[in-house]
Amino acid sequence: MEDVDYRGNYKAAKEEALKGGIGVYADFDSARQMECFRVLSADRSRLLTFAKREGLTTGKVDTLQTLGSSKPIYQMVAVGDDTKKVRAYVTRMRQES
């Protein structure tokens, strides 16, 4: 299977989160100097349920206020081993569609 570059998919991830789903996009964490994934949802409990189901150990949830929506988007940053878990999730979702 080919390796897919997910960087630059913030807009699609944000739209998915605002529709009630889980949006994911790749990013670079300059503080850790490593690739990370940002997982977005408009529903905090849905985001936490996703993290638990996928086995993510990242515990911090931030709130983003976007210009395109009156409601906030919750964000969890997956780093380290969690990036492998999120990449596996994204691969599964791409195969299902």
**Q** Output all residues satisfying side chain to side chain donor-acceptor pair (under 3.5 Å) with Glu54, sequence neighbours left out; order by chain, then residue number.
**A** Arg92
**Q** I'd like to check the side chain to side chain contact (heavy atoms under 4.5 Å, CB included) partners of Glu96; sequence neighbours left out, ordered by chain and number.
**A** Met93
**Q** Is it the case that one hydrophobic cluster holds both Val79 and Val39, taking links as side-chain heavy atoms less than 4.5 Å apart, direct or via other members?
**A** no
**Q** Enumerate the residue pairs fulfilling ring pair (Phe, Tyr, Trp, His ring centres under 6.0 Å) with a member in residues 62-84, sequence neighbours excluded, ordered by first and then second residue.
**A** none
**Q** Could you name each residue pair satisfying salt bridge (charged side-chain N to carboxylate O under 4.0 Å, His left out) that touches residues 74-83, not counting sequence neighbours?
**A** Asp81-Lys84, Asp82-Lys85
**Q** Can Val61 be reached from Leu56 by stepping across I, L, V, M, F, W or Y side chains whose heavy atoms are under 4.5 Å apart?
**A** yes
**Q** Measure across Ala78 and Val86 and return the closest heavy-atom pair with its distance rounded to 0.1 Å.
**A** CB-CG2, 3.7 Å
**Q** Between Thr91 and Arg87, is there a donor-acceptor pair closer than 3.5 Å when you use the side chain of the first and the backbone of the second?
**A** yes
**Q** Using the test side chain to side chain contact (heavy atoms under 4.5 Å, CB included), find all partners of Gln75 that sit at least two apart in sequence or belong to another chain.
**A** Tyr25, Arg38, Leu40, Asp62, Leu64, Val77
**Q** For Lys14, enumerate each residue passing the salt bridge (Lys or Arg N to Asp or Glu O under 4.0 Å) test, keeping only those at least two apart in sequence or located in another chain.
**A** none
**Q** List for me each residue that meets salt bridge (Lys or Arg N to Asp or Glu O under 4.0 Å) alongside Lys19, sequence neighbours excluded, and say none if there are none.
**A** Glu16
**Q** At what distance, to the nearest 0.5 angstrom, does CZ of Phe28 lie from CE of Met34?
**A** 9.0 Å
**Q** Mind checking ring pair (Phe, Tyr, Trp, His ring centres under 6.0 Å) for Phe50 and listing every partner two or more places apart, or none if nothing turns up?
**A** Tyr89
**Q** Below 3.5 Å, can you tabulate the donor-acceptor pairs from side chains in residues 41-48 to any protein atom, sequence neighbours excluded?
**A**
from  : atom 1 : to    : atom 2 : distance (Å)
Ser41 : OG     : Asp43 : N      : 3.1
Ser41 : OG     : Asp43 : O      : 3.1
Asp43 : OD1    : Ser45 : N      : 3.1
Asp43 : OD1    : Ser45 : OG     : 2.9
Arg46 : NE     : Gly20 : O      : 2.9

